[in-house]
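Working notes for the structure below.
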Amino acid sequence: MILTLEWTSEGVRFIDQTKLPLEETYVLATSYQQVADIIVTMVVRGAPAIGVSAAMGIALGAKQTKAATTEEFVPEFEQICSLLAGTRPTAVNLFWAIDRMKALFAELRTQGTSLAEVQQALLADALAMYDEDIAACKAMGAYGAELMPDEGGVLTHCNAGALATCGYGTALGVIRGAVERGKQIHVYADETRPFLQGARLTAWELMADGIPTTVLCDNMAASMMRQGRIQAVVVGADRIAANGDVANKIGTYSVAILAKEHGIPFYVAAPWSTIDRATATGDAIPIEERNAVEVTHHGGKQLTPHGVGICNPAFDVTPAKYVTAIITERGVLRAPYSESLETMEMATR
Ligand code: MRU
């Protein structure tokens with residue numbers, strides 16, 4: 001199994017996703033500041049993995065404090081949470097995980113818990129999030145497998161796999177679930193410019209599992225669909241608004257439009273921690289703008305003329321009307337999403 005991130009006695013260990021697929025190397029974060037830097041630089045990335053990384057970063061910060069009591073630790077705890085919350089704005093799992101750690105800390109304070117016990121409890125909750133994430137991915141895999149074709153091409157965009165979670169993956173979990181149940185799936189992985197999560201990461205982890213995979217340049221999907229080579233699309237999500245609008249890696253929106261035009265189902269797989277019912281529509285989702293260098297350069301080599309204008313939004317929003325179904329660990333949701341999200345929240349709270 002791919003170890004995307006892992007708590008160790010020395011700190012949090014991450015597979016370095018900036019180096020894959022050519023180098024399989026690991027980075028050890030021994031401070032919460034290093035965890036924050038690792039999230040910003042995308043050594044670790046993918047919404048669920050970012051959330052659990054932040055929780056482990058908080059546990060690490062708590063472990064290393066010089067404070068003598070829980071009350072003395074309060075300002076530092078707030079500083080740790082605010083640094084980690086400032087790393088990436090779009091994936092709501094980050095804020096979900098930090099809020100969960102804050103709520104636990106507040107409860108422990110009201111109980112007058114000792115600092116040693118607080119440290120243990122924060123770590124225990126971060127480790128629980130890790131296990132819950134893998135379990136959620138496996139459940140999505142089981143629900144989503146039913147929706148996959150018995151045989152044929154499935155297109156995915158970005159990397160919503162083991163590398164984007166604590167293991168198994170969301171969109172790739174659905175594909176893994178289908179393959180494990182005997183379906184003959186051929187994956188088409190969009191390369192996903194500019195960070196190349198598809199070409200580097202999705203291709204790497206699917207090949208490791210022996211799942212047949214072909215990498216497509218980002219401009220090939222329409223033609224492949226027209227040729228009848230794609231029977232379904234499945235992607236992950238960074239945030240799903242209350243009306244079912246989906247923020248995911250830039251380029252997802254165009255894939256969704258293409259799928260609709262060609263009559264191909266477009267599925268989104270995401271854990272409940274990606275659903276943000278406090279955000280009414282996709283228009284209110286903050287979209288991260290990343291450094292222009294990711295577009296102007298590749299492998300340290302400049303591709304574009306000096307001084308040219310560059311856009312680098314990391315995500316786009318796919319309106320709910322393009323989404324055939326949302327696959328979660330609680331079940332499969334269909335439109336109208338404002339109603340199905342509410343109903344499932346109530347039924348599975
Ligand atoms: O910028 P990234 O690589 O963190 O973006 C990741 C994605 O867009 C994924 O599709 C999303 O986080 C879902 S991961 C299970």
Side-chain angles (χ1 to χ4, degrees), residues 1-8 12-27 38-39 42-56 91 93-94 97 126-145 148 154-181 183 185-192 195-213 215 234-238 248-249 267-271 273-274 327-329:
M1 186 174 130
I2 294 164
L3 276 178
T4 305
L5 68 149
E6 184 189 19
W7 179 269
T8 75
V12 191
R13 202 173 85 116
F14 297 88
I15 193 166
D16 187 344
Q17 300 196 31
T18 65
K19 300 274 183 358
L20 287 171
L22 299 182
E23 282 176 42
E24 190 178 328
T25 51
Y26 293 82
V27 179
I38 277 168
I39 297 173
M42 290 171 64
V43 167
V44 70
R45 30 69 49 206
I50 294 171
V52 177
S53 299
M56 288 195 179
N93 310 59
L94 175 72
L127 295 176
M129 282 185 212
Y130 184 95
D131 291 341
E132 287 166 23
D133 184 53
I134 296 174
C137 288
K138 292 265 170 80
M140 277 178 260
Y143 284 120
M148 292 293 104
V154 175
L155 185 138
T156 190
H157 191 76
C158 193
N159 171 269
L163 289 166
T165 60
C166 297
Y168 204 71
T170 58
L172 298 193
V174 166
I175 289 169
R176 286 192 166 98
V179 170
E180 283 164 14
R181 285 160 181 79
K183 296 197 171 185
I185 306 282
H186 189 107
V187 179
Y188 289 93
D190 276 349
E191 62 176 352
T192 321
F195 203 72
L196 301 175
Q197 287 94 333
R200 298 188 302 105
L201 308 176
T202 295
W204 182 75
E205 67 165 86
L206 291 180
M207 284 187 74
D209 273 7
I211 297 176
T213 303
V215 171
V234 60
V235 297
D238 285 82
N248 191 49
K249 181 54 53 193
Y267 298 113
V268 174
S273 53
T274 304
I327 303 155
T328 75
E329 72 275 33

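Because the structure is predicted, anything quoted here is derived from the model rather than measured.
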**Item:** From CG (Leu3) to OH (Tyr26), nearest 0.5 Å
**Value:** 6.0 Å

**Asked** Can you tell me how far the CD atom of Glu180 sits from the OH atom of Tyr168, to the nearest 0.5 Å?
**Response** 3.5 Å

**Prompt:** Does one side chain, of Asn159 or Arg45, offer a donor that lies under 3.5 Å from an acceptor on the other?
**Reply:** yes

**Asked** Where do Tyr267 and Val174 land on the side chain to side chain contact (heavy atoms under 4.5 Å, CB included) test, with the steps shown first?
**Response** CA-CA 10 Å; Tyr267 298 113; Val174 166; over 6 Å; no

**Request:** May I ask you to decide if His157's main-chain N or O and Lys249's side chain share a donor-acceptor pair within less than 3.5 Å?
**Result:** no

**Message:** Rounded at 0.5 Å granularity, tell me how far CD1 in Ile134 sits from CE in Met1.
**Reply:** 4.0 Å

**Prompt:** Are the side chains of Lys183 and Ile175 in touch, meaning some heavy atoms are under 4.5 Å apart?
**Reply:** no

**Request:** List the atom of Arg181, the atom of Ala145, and the distance in Å for their closest heavy-atom pair.
**Result:** CD-CB, 3.6 Å

**Asked** Judged by atom type as modelled, is there a donor-acceptor pair below 3.5 Å linking the side chain of Arg200 to the main-chain atoms of Phe195?
**Response** yes

**Complete:** salt bridge (charged side-chain N to carboxylate O under 4.0 Å, His left out) filter on Asp131, not counting sequence neighbours, yields none

**Prompt:** To the nearest 0.5 Å, what is the distance between CG (Asp238) and CD1 (Ile50)?
**Reply:** 6.5 Å

**Asked** Distance-only, no hydrogens or angles: does the Tyr130 side chain make a donor-acceptor pair with backbone N or O of Met56 under 3.5 Å?
**Response** no

**Asked** So, Arg176 and Glu205, do they make that salt bridge, N to O below 4.0 Å?
**Response** yes

**Request:** Go through the steps for Thr274 and Thr170 under the test side chain to side chain contact (heavy atoms under 4.5 Å, CB included), then give the verdict.
**Result:** CA-CA 11 Å; Thr274 304; Thr170 58; over 6 Å; no

**Prompt:** Is the backbone N or O of Asn93 less than 3.5 Å from a side-chain atom of Ser273, with the two atoms forming a donor-acceptor pair by type?
**Reply:** no

**Message:** Give me the atom names and distance for the closest heavy-atom approach of Cys166 to Leu5.
**Reply:** SG-CD2, 4.2 Å

**Message:** Counting C-beta onward and ignoring hydrogens, is there a side-chain heavy-atom pair between Glu23 and Asp16 closer than 4.5 Å?
**Reply:** no

**Asked** Do Thr156 side-chain atoms and Val234 backbone N/O form a donor-acceptor pair below 3.5 Å?
**Response** yes

**Request:** Using modelled atom types only, decide if a donor and an acceptor are shared between the side chain of Thr192 and the backbone of Asp190 within a distance under 3.5 Å.
**Result:** yes

**Request:** To the nearest 0.5 Å, tell me how far Leu196 CG sits from Thr202 OG1.
**Result:** 11.0 Å

**Request:** Mind listing the closest non-hydrogen atom pair of Thr213 and Ala189 along with its distance?
**Result:** CG2-CB, 4.2 Å

**Request:** Taking all non-hydrogen atoms of both residues into account, name the closest pair between Val52 and Ala126 and its distance.
**Result:** CG1-O, 4.2 Å

**Request:** Please name all residues satisfying side-chain contact (heavy atoms from CB on, under 4.5 Å) with Pro212, sequence neighbours left out, ordered by chain then number.
**Result:** His186

**Complete:** Ala128 meets the side-chain contact (heavy atoms from CB on, under 4.5 Å) criterion, sequence neighbours left out, with Arg100, Asp125, Glu132

**Stepwise side chain to side chain contact (heavy atoms under 4.5 Å, CB included) test for Ile15 and Glu6** = CA-CA 9 Å; Ile15 193 166; Glu6 184 189 19; over 6 Å; no

**Message:** Do Ile39 and Val44 have side chains that approach each other closer than 4.5 Å (heavy atoms only, starting at C-beta)?
**Reply:** yes

**Prompt:** Any idea which heavy atoms bring Ala54 and Leu94 closest together, and the distance?
**Reply:** CB-CD1, 3.5 Å

**Request:** Give, for atom CG of Leu172 and atom CG of Asp209, the distance between the pair rounded to the nearest 0.5 Å.
**Result:** 9.0 Å

**Message:** Applying side chain to side chain contact (heavy atoms under 4.5 Å, CB included) to Asn248 and Val268, what does each step give before you reach the verdict?
**Reply:** CA-CA 9 Å; Asn248 191 49; Val268 174; over 6 Å; no

**Asked** Which heavy atom in Ala199 sits nearest to a heavy atom in Ala203, and how many Å separate them?
**Response** O-CB, 3.3 Å

